[in-house]
2 protein chains.
Amino acid sequence: MADPIPFARMPLFRGIDAEVLDALRQAATPQHLRKGEFLFRRGEACQGLYVVVEGLVKLALPTAPASERTLERAIEVFGPGAIFGEDALFLDAPQVADCQAQARTTVLHVSKLALWGAVERDPLVSTQLLRNLSGRLHTLMRDIEAVSLQNALQRVASFLHEQAQAGRRTWLACTQRVIASKLGVTPETLSRVMSRFSAQKLVKLERGKIFLLDAEGLARQVAASNER
Amino acid sequence: MADPIPFARMPLFRGIDAEVLDALRQAATPQHLRKGEFLFRRGEACQGLYVVVEGLVKLALPTAPASERTLERAIEVFGPGAIFGEDALFLDAPQVADCQAQARTTVLHVSKLALWGAVERDPLVSTQLLRNLSGRLHTLMRDIEAVSLQNALQRVASFLHEQAQAGRRTWLACTQRVIASKLGVTPETLSRVMSRFSAQKLVKLERGKIFLLDAEGLARQVAASNER
DNA sequence: CGCTAAGTTGAAAGAAGTCAATGAAAGTGG
DNA sequence: CCACTTTCATTGACTTCTTTCAACTTAGCG
């Protein structure tokens, strides 16, 4: 029987004992979300680990309930194959962020208990989890760096440059609103920066899609505003 | 023989098998740092885990080499008993931050290898490491929240409030420069905010020392500027 | 006793956010 | 299939917050 959810191919589970993997797979339950629906919210207890099968989810810090204007801060956006929620697996702490579907999405839920069982049966599981968490930690540190050491123009430029490095010449997975939130700027500011880049022929804008024309030039933007 | 370095009392090693603990202790080597000395720098390979025995170290993102003005971003400041460097243990990635002693400091170095050995011998070690890393991740998320969702006044207020929660009525461990860097503002801005709080009798300033007078009032500051 | 680093304070510039209006696109329901 | 509604993106004017630059004070230390 083909594996509809290729656990074995996910970096987190690479090299894990087949039997343990099977147990995990059987413990996993699919969950469907409509666009805009919340998988969990800040303050709720952690239920386990999630794997995105299809669609897109956004992990974001909710705005303060008091403030009317909805300014929020996206931590990360996860597409198919991505894993999230692993940070709270071993912590008796509530979720710190909201998780909301950005489109019709299917995720796979793996309960804490199943994970704990896997950890006990194959020590490699915890090693992989450690590796995974460390990576997330480093990413977050870089994000902090970006937010506090760079201005809006630099942030947008390095974000686009990263995307180019990652091999995509077009970026269309989510709205500019979400990108803005991930970069910690308002949609208005992002729009202004983008049109500037567009004028410099670094990118081409077309109804929500962004074409990356000149990765080199974007990299220069990051350095340029630094030395000024 | 008394344990000069109380591994057993550190949260990270709570409950670990005594034998494993002993092995770790023997693998640990003390390292002395003068004020201003670097333990490691961004880009270097990770050497293992560190425990602060005495003194104070600062983990900070270095400023871009090009820019003259030395604006850096402190991630965390660690005092006696604190553990750091655990994020790179299982990752073949270079350090993302600089680590610099803020005073005459002694740290204990535990090599990767020793840690790996401990993980193999007692699975509880990895569980504890996971717990530790998760906590760090959550802290960082909160930091991102603070930086991108709050203004300088709110950030300072919530920082001071946290300190009050943590039980200290006086804060003098490090210079205002470092606090400013941790909060992502310039020393000038911090000074202005502090003198404002001082005028409101929320804190009392005295040659570098900060006395927390009114934790409640500080908490109100955070909320107040939100709803405005 | 001067030297250096840290903190304070003022004035001015700059970056980004807010508010508001408009246009375009996409989804919805009859 | 079309009219309607809602959401998203764009643009301009204005405001606010923070940094920058500079001068000055104070404290610590050889």
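Note that the structure is predicted; figures quoted are calculated from it, not measured. Naming: A, B, ... by sequence-line order, numbering from 1 per chain.
For Ser195(A), there are no side chain to side chain contact (heavy atoms under 4.5 Å, CB included) partners, not counting sequence neighbours. With sequence neighbours excluded, the residues forming a salt bridge (charged side-chain N to carboxylate O under 4.0 Å, His left out) with Asp143(A) are Lys182(A), listed by chain and number. Taking the side chain to side chain contact (heavy atoms under 4.5 Å, CB included) definition, one finds that Ser111(B) meets it with His109(B), Leu113(B), Ala114(B), sequence neighbours left out. Here Lys204(A) pairs with Glu206(A) under the salt bridge (charged side-chain N to carboxylate O under 4.0 Å, His left out) rule; sequence neighbours left out. Residues passing the salt bridge (charged side-chain N to carboxylate O under 4.0 Å, His left out) test with Glu76(B): none are found, sequence neighbours excluded. Applying the side chain to side chain contact (heavy atoms under 4.5 Å, CB included) test to Glu44(A) and every residue at least two apart in sequence or in another chain returns Phe40(A), Arg41(A). Take Ser191(A) and apply the side chain to side chain contact (heavy atoms under 4.5 Å, CB included) test, not counting sequence neighbours, and it matches no residue.
The residues Lys58(A) and Glu72(A) are annotated as salt-bridged, a charged nitrogen and a carboxylate oxygen being separated by less than 4.0 angstrom.
Side-chain N/O atoms of Thr186(A) include one lying less than 4.0 angstrom from OP1 or OP2 on dG17(C). The side chain of Thr175(B) contributes no N or O atom lying less than 4.0 Å from OP1 or OP2 of dA6(C). In terms of phosphate contacts, Thr189(B) brings no side-chain nitrogen or oxygen within less than 4.0 Å of OP1 or OP2 of dT18(D).
Proximity of a side-chain donor or acceptor of Arg155(A) to a complementary backbone N or O of Leu183(A) within less than 3.5 Å is detected.
Summary for the helix from dC1(C)-dG30(D) to dG30(C)-dC1(D): the axes at its two ends, each from 5 pairs, differ by 50° when rounded to the nearest 10 degrees.
Between the CG atom of Asn151(B) and the P atom of dG17(C) there is a distance of 13 Å, rounded to whole Å. Spacing between atom CD1 of Ile179(B) and atom P of dT8(C) amounts to 11 Å, rounded to whole angstrom units. The separation between Leu149(A) atom CG and dT19(D) atom P is 12 Å, rounded to whole Å. The interatomic distance linking Lys209(A) (NZ) with dA9(D) (P) rounds to 13 Å, in whole Å. Taking atom CG of residue Leu205(A) and atom C1' of nucleotide dA24(C), one finds them 14 Å apart after rounding to whole Å.
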Check residues 96-106 of chain A and write down every donor-acceptor pair under 3.5 Å in which the side-chain atom is one partner and the other belongs to a residue at least two apart or another chain.
from	atom 1	to	atom 2	distance (Å)
Asp98(A)	OD1	Arg42(A)	N	2.8
Gln100(A)	NE2	Gly36(A)	O	2.9
Thr105(A)	OG1	Leu56(A)	N	3.1
Thr105(A)	OG1	Leu56(A)	O	3.3
Thr105(A)	OG1	Ala103(A)	O	2.8
Thr106(A)	OG1	His32(A)	ND1	3.1

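Comparing dA16(C), dT18(D), dT10(D) against the side chain of Ser191(A) picks out dT10(D) as the nearest. The side chain of Val185(A) lies closest to dG17(C) when the candidates are dG17(C), dG7(C), dT11(D). Here dA9(D) is the nucleotide among dG10(C), dA9(D), dA16(C) with the atom lying nearest to any side-chain atom of Arg177(A). Closest to the Gln176(B) side chain, of the nucleotides dT20(D), dC8(D), dG7(C), is dG7(C).
Within a 6.0 Å sphere centred on CD of Glu216(A), heavy atoms belonging to other residues, nucleotides or ligands number 12 at most. Around CD of Gln31(B), the count of heavy atoms belonging to other residues, nucleotides or ligands within 6.0 Å exceeds 12. Counting non-hydrogen atoms of neighbouring residues, nucleotides and ligands closer than 6.0 angstrom, the CD atom of Glu37(B) exceeds 12 such neighbours.
Using a 4.0 Å heavy-atom cutoff across all strands shown, Gly184(A) reaches sugar-phosphate atoms only and no base atom.
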Which pairs, protein N/O on one side and nucleotides 27-29 of chain C N/O on the other, fall under 3.5 Å?
none

Produce the list of close N/O pairs, under 3.5 Å, pairing protein atoms with atoms of nucleotides 20-22 of chain C; give distances to one decimal.
none

All N/O pairs under 3.5 Å across the protein-nucleotides 4-6 of chain D interface:
none

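Counting heavy atoms from C-beta on, the side chains of Val156(A) and Leu218(A) never come closer than 4.5 Å.
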